[in-house]
Amino acid sequence: MPDIDAAARGLYIDGSWRPSQSGRQIDVVDPSTGVVLAAVPDATIDDAQACIDAAAASAPAWRATPPRKRSEVLRRCFELMVERSEMLATLISMENGKALRDARGEVAYAAEFFRWNAEEAVRITGEFGIAPSGTNRIIVDYQPIGICLMITPWNFPAAMATRKIAPALAAGCTVILKPASETPLTAYALAAIYEEAGVPKGVVNVLTTTNPGSMTAHVLADPRVRKLSFTGSTGVGKQLLAEAAKHVISCSMELGGNAPFVVFDDADLDAALNGAMIAKMRNAGEACTAANRFYVQSGIYEAFAEGLTRRMAALNVGPGINAETDCGPMITRKAVEKISRLVDDSKAKGARVLCGGETPSGSGFFYPPTVLADVPVNSEMMSEEIFGPVAPLYRFQDEEEAVARANDTEYGLAAYVYTRDLARGLRVSSAIEAGMIALNRGLVSDPAAPFGGVKQSGLGREGGQHHGIAEFMEAKYIATSF
Ligand code: NAP
């Protein structure tokens, strides 16, 4: 079992564990029961200042550390995460509620960012060329961008942090991480692992606060801070972009999604159903890449609806840490209320409930796996992120309609397409406005591939060959002649 007291022992600043200067605490609640698991410090502006000072003091030595040495430290972070994966998965499951199986998957994914970026750290190259005029040479040197503020959400407490921290450290940057208030224990447990792996003091600092707006404004106003990397909702992302604009801070934004899942008549039905279960139910639907709207062609619609309902109704709902659980609780009571509101709105507009659709009584923040058929396009859930285990189905007639419906959203993170016709699959993948397309697959995330969205789903990419690390570097051009 994880050592919760150790994970909650303090803010992690300049390599030491400290109480908040306010003396206040933030309760961490088990979403399976609603009971308080632990409390972590509620940092003040002075604590945030201490993080900036520590990140600034450690920056020169870390950027001067040979890439091979940085790479070895990152590799050690990967190895320790793998060694401690069961402890980390249990901790994630306890504070986030997700099924242990999903939590194990998250730890493996999160650790992989350290392995991948250990390999990237020693492959940062520059450019050298002759100017078209022939008058001079062009040298381009990639340098660490500087101190990075990172803000992460609760739905992937480990992976959203390592997807940022690993490339930043590989590039030679120092970091301040503010994890979500609901799931801080994983972030602190990981900080202890970084320390053990040899990350020098001050290179990574972690603080929790109930006052993220003022804390962010303070940190971004410090001229030594050069990067804001945020994962969370589009609404908060917009506020942060406005704040960062005041100081012309470089921003990477991984924001909300509203993924369409498109199934054509010629799809392999079983493969589409298996993919749908992964795309919808990984993390009980609490994923930015979660399939939010199912568009199914009329010839396969009934069979798909029947198959999906059978699979969804068979899932075990319960506390995430129970081995047999497929679908854990939602993160908060408020999240359940939102899902319930969206389902009620759909029902009132004429959707048919094929399974689920009612909030259960009792303790914990549970919502049952739900399938809704014939969901009208004007239902709120067709334009809002559901972030829960609800699959709304809509029947379409032809390819043109499918693409138009898929693109009828302000978001553009992920999309799923099922068809046996490869030409159509590629044509539709090209036409859908999203940063990532899963073609005949239910899972899109891969540390080796560029993750990110278009439209209001974000700016920039994480992971991938050079994409993720490039977000933490600046190109310096030197003109010279000889
Ligand atoms: P959120 O409410 O936007 O919160 C995300 C983080 O921002 C938390 O750490 C939160 O702190 C902090 N925050 C809130 N208000 C802030 C402010 N005014 N200034 C600075 N920081 C602030 O999002 P969430 O509910 O945690 O996460 C779910 C959302 O994240 C969904 O929209 C999902 O699609 C998106 N997401 C996107 C990706 C992606 O890669 N594109 C991945 C995962 C999740 P507190 O917890 O203390 O409020």
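Just follow the structure's listing: the first ligand is 1, and inside any ligand the first atom is 1. Because the structure is a prediction, the values reported are computed rather than measured.
The environment of Glu119 atom CD is dense: over 12 non-hydrogen atoms of other residues, nucleotides or ligands sit within 6.0 angstrom. Summarising the local packing, NZ of Lys347 is surrounded by more than 12 heavy atoms from other residues, nucleotides or ligands at distances under 6.0 Å. In the displayed structure, Glu358 atom CD is contacted under 6.0 Å by at most 12 heavy atoms of other residues, nucleotides or ligands.
Across Phe304, Phe261, Phe294, a single residue satisfies ring pair (Phe, Tyr, Trp, His ring centres under 6.0 Å) together with Tyr418, and that is Phe261.
Near Phe230, the atoms of ligand 1 lying under 4.0 angstrom from a non-hydrogen atom of the residue are 3 (O), 5 (C), 6 (C), 7 (O). For ligand 1, the atoms sitting less than 4.0 Å from at least one non-hydrogen atom of Asn155 are 43 (C), 44 (C), numbered in the order shown with element in parentheses. Applying the 4.0 Å criterion to heavy atoms of Glu182 picks out, from ligand 1, the atoms 46 (O). Which parts of ligand 1 touch Pro179 is read off a 4.0 Å heavy-atom cut-off, strictly below it: atoms 9 (O). Near Met160, meaning under 4.0 Å from one of its heavy atoms, ligand 1 places the atoms 42 (C), 43 (C). Remark: ligand 1 atoms within the under-4.0 Å shell around heavy atoms of Phe387 are 28 (C), 31 (C), 33 (C), 34 (O). The Leu413 neighbourhood of ligand 1 comprises atoms 41 (N), with distances under 4.0 Å to a heavy atom of that residue. Atoms of ligand 1 lying under 4.0 Å from at least one heavy atom of Val236, given by number and element, are 3 (O), 13 (N), 14 (C), 15 (N), 16 (C), 17 (C), 22 (C).
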Determine whether Arg84 and Glu196 satisfy the following criterion, salt bridge (charged side-chain N to carboxylate O under 4.0 Å, His left out), listing intermediate values before the conclusion.
CA-CA 12 Å; Arg84 316 268 162 84; Glu196 193 179 335; 2.8 Å; yes
Full working for ring pair (Phe, Tyr, Trp, His ring centres under 6.0 Å) between Phe396 and Tyr295
CA-CA 6 Å; Phe396 73 88; Tyr295 297 114; 7.2 Å; no
Ring pair (Phe, Tyr, Trp, His ring centres under 6.0 Å) assessment of Trp116 paired with Tyr109
CA-CA 11 Å; Trp116 181 261; Tyr109 176 58; over 10 Å; no
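In this structure, the protein non-hydrogen atom closest to atom 9 (O) of ligand 1 is Thr152 O, 2.7 Å. Nearest protein heavy-atom contact of atom 11 (O) of ligand 1 is Lys178 NZ, 3.0 Å. Counting protein heavy atoms only, atom 20 (C) of ligand 1 is closest to Thr216 OG1, 3.2 Å. Atom 35 (C) of ligand 1 has as its closest protein heavy atom Gly232 O, 3.2 Å. Of the protein's non-hydrogen atoms, Pro153 CB, 3.3 Å is the one closest to atom 27 (O) of ligand 1. When hydrogens are left out, the protein atom nearest atom 25 (O) of ligand 1 is Trp154 NE1, 3.0 Å; that is the closest non-hydrogen contact. Annotation: atom 12 (C) of ligand 1 to nearest protein heavy atom, Ile151 CG2, 3.7 Å. The nearest protein atom to atom 46 (O) of ligand 1, hydrogens excluded, is given as Ser181 N, 2.9 Å; this is a heavy-atom distance.
Under 4.0 Å from ligand 1, not a single heavy atom of Thr210 appears. Of all the heavy atoms of Glu462, none lies under 4.0 Å from any atom of ligand 1, so neither backbone nor side chain is involved. When heavy-atom distances to ligand 1 are checked against a 4.0 Å cut-off, Leu240 comes that close only through its side chain, counted from C-beta outward. Proximity of Phe451 to ligand 1, defined as any heavy-atom pair under 4.0 Å, is confined to the side chain (atoms from C-beta onward). Residue-level proximity to ligand 1 for Ala287 is absent, since no heavy atom of it falls below 4.0 angstrom. The proximity of Thr209 to ligand 1, defined as any non-hydrogen pair under 4.0 Å, is limited to the backbone.
Polar contact check, Glu385 against ligand 1: a nitrogen or oxygen pair lies under 3.5 Å apart.
Judged purely by atom type and a 3.5 angstrom limit, Thr216 uses its side chain to pair as donor or acceptor with the backbone of Pro212. Between the side chain of Asn322 and the backbone N or O of Thr325 there is no donor-acceptor pair closer than 3.5 Å. Looking at Asn258, its side chain never comes within 3.5 Å of a backbone N or O of Thr409 through a donor-acceptor pair.
Cation-pi geometry between Lys280 and Tyr416 is not satisfied (NZ or CZ under 6.0 Å from the ring centre, within 45° of the ring normal).
Among Pro212, Cys288, Ser445, the residue whose heavy atom lies closest to atom 38 (C) of ligand 1 is Cys288. The closest non-hydrogen atom to atom 18 (N) of ligand 1, taken over Lys334, Glu243, Gln239, Arg163, comes from Gln239. Nearest to atom 23 (O) of ligand 1 by heavy-atom distance, out of Ala335, Gly452, Ser233, Ala290, is Ser233.
Distances from atom 40 (O) of ligand 1 to the protein include at least one heavy-atom value under 4.0 Å.
Between Leu426 and Leu439 the shortest heavy-atom distance is CD2-CD2, 4.0 Å.
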